[in-house]
Amino acid sequence: MSDLDAIYGVLSDSHRRYVLYYFLENERANIDTLALQLAAWKHDKALKSVLEDEKEAITLALLHKHLPQLAEHGFVTFDQRSGDVVVGTNFHVVRPTVEHAREVEETDSIVGNATESFLYSNPLAESTNNDH
């Protein structure tokens, strides 16, 4: 698999993108902190408004699917016993692409405070023939 295949494969899922967005501004996290932040982004809520079941669903997805995939490519390192997640040795390879993806999706630069989500922004108005 080429580097581009790996990068775009990883970025194809929003959970993995959100993890990498988090690590644009942080070098380490605990699985609970990471799951809480991702749940806030996903559900367009402030951290304190995230429900326990929303956080738990993200935690399970991270543990069983997304963190192992990110770790396989060296984008993060994950210690399942402690729950610690840190920037991986290959994060520098994906960082420019993640930065670009974040700009395209127009996420907020958030470290511990969800305010707005690109996922629930107003759709673009459909153009009509009168627009041309």
Side-chain angles (χ1 to χ4, degrees):
M1 177 181 291
S2 76
D3 285 346
L4 280 178
D5 288 342
I7 290 169
Y8 287 111
V10 165
L11 292 175
S12 69
D13 185 272
S14 63
H15 288 89
R16 292 190 297 270
R17 282 195 313 275
Y18 290 177
V19 169
L20 296 174
Y21 293 164
Y22 184 89
F23 286 114
L24 289 173
E25 299 175 8
N26 303 277
E27 292 202 13
R28 63 180 51 251
N30 182 279
I31 185 69
D32 291 330
T33 303
L34 192 57
L36 179 63
Q37 182 63 72
L38 269 65
W41 284 336
K42 180 178 179 181
H43 297 287
D44 193 24
K45 294 181 173 186
L47 292 173
K48 63 185 177 188
S49 299
V50 172
L51 302 175
E52 189 60 34
D53 64 330
E54 293 168 335
K55 180 182 153 204
E56 184 64 27
I58 299 286
T59 300
L60 291 173
L62 289 174
L63 286 172
H64 296 291
K65 184 175 182 183
H66 304 299
L67 291 176
Q69 284 184 314
L70 291 167
E72 179 182 328
H73 296 291
F75 300 147
V76 301
T77 301
F78 174 56
D79 183 338
Q80 202 160 13
R81 286 174 281 143
S82 69
D84 291 334
V85 185
V86 297
V87 171
T89 56
N90 289 336
F91 184 73
H92 70 283
V93 172
V94 74
R95 185 180 190 96
T97 308
V98 171
E99 288 171 341
H100 180 71
R102 186 173 180 170
E103 288 173 14
V104 168
E105 289 187 313
E106 298 180 0
T107 59
D108 291 331
S109 178
I110 301 171
V111 181
N113 172 356
T115 57
E116 182 178 55
S117 172
F118 57 88
L119 295 174
Y120 299 100
S121 61
N122 292 329
L124 295 174
E126 291 185 28
S127 75
T128 62
N129 289 338
N130 297 338
D131 291 345
H132 300 290

Student: Between Leu67 and Ile31, is there a side-chain heavy-atom distance shorter than 4.5 Å?
Tutor: yes
Student: Specify the closest pair of heavy atoms between Phe91 and Leu20, including all atoms of both residues, with the distance to one decimal.
Tutor: CE1-CD2, 3.7 Å
Student: If you compare all heavy atoms of Glu54 against all heavy atoms of Ser49, which two are closest, and at what distance to 0.1 Å?
Tutor: OE1-O, 4.4 Å
Student: Rounded to the nearest 0.5 Å, how far apart are CZ of Arg102 and CZ of Arg95?
Tutor: 10.0 Å
Student: If you compare all heavy atoms of Val87 against all heavy atoms of Asn26, which two are closest, and at what distance to 0.1 Å?
Tutor: CG2-O, 3.6 Å
Student: Can you hop from Val86 to Leu63 via hydrophobic side chains spaced under 4.5 Å?
Tutor: no
Student: Can you tell me how far the CD atom of Glu52 sits from the CG atom of Leu36, to the nearest 0.5 Å?
Tutor: 9.0 Å
Student: Nearest 0.5 angstrom please: Gln37 CD to Tyr21 OH, how far?
Tutor: 13.5 Å
Student: How close do Phe75 and Asn90 get, heavy atom to heavy atom, and via which atoms?
Tutor: CD2-O, 3.5 Å
Student: Between Leu38 and Leu62, is there a side-chain heavy-atom distance shorter than 4.5 Å?
Tutor: yes
Student: Can you classify the ring geometry of His15 versus His66 as parallel (below 30°), tilted (30 to 60°) or perpendicular (above 60°)?
Tutor: parallel
Student: Using a 6.0 Å cut-off, check whether atom NE2 of His100 has over 12 heavy atoms from anything other than its own residue.
Tutor: no
Student: Under the criterion side-chain contact (heavy atoms from CB on, under 4.5 Å), which of Leu34, Leu70, Thr89 is the partner of Val76?
Tutor: Leu70
Student: Testing the basics here: between Ala29 and Tyr22, what is the closest heavy-atom pair and its distance to 0.1 Å?
Tutor: CB-CE2, 3.5 Å
Student: Side chain of Arg17, backbone of Val98: donor and acceptor closer than 3.5 Å?
Tutor: no
Student: Testing the basics here: between Gly9 and Arg16, what is the closest heavy-atom pair and its distance to 0.1 Å?
Tutor: O-NH2, 3.2 Å
Student: Could you walk me through whether Val85 and Thr77 pass the side-chain contact (heavy atoms from CB on, under 4.5 Å) check?
Tutor: CA-CA 6 Å; Val85 185; Thr77 301; over 6 Å; no
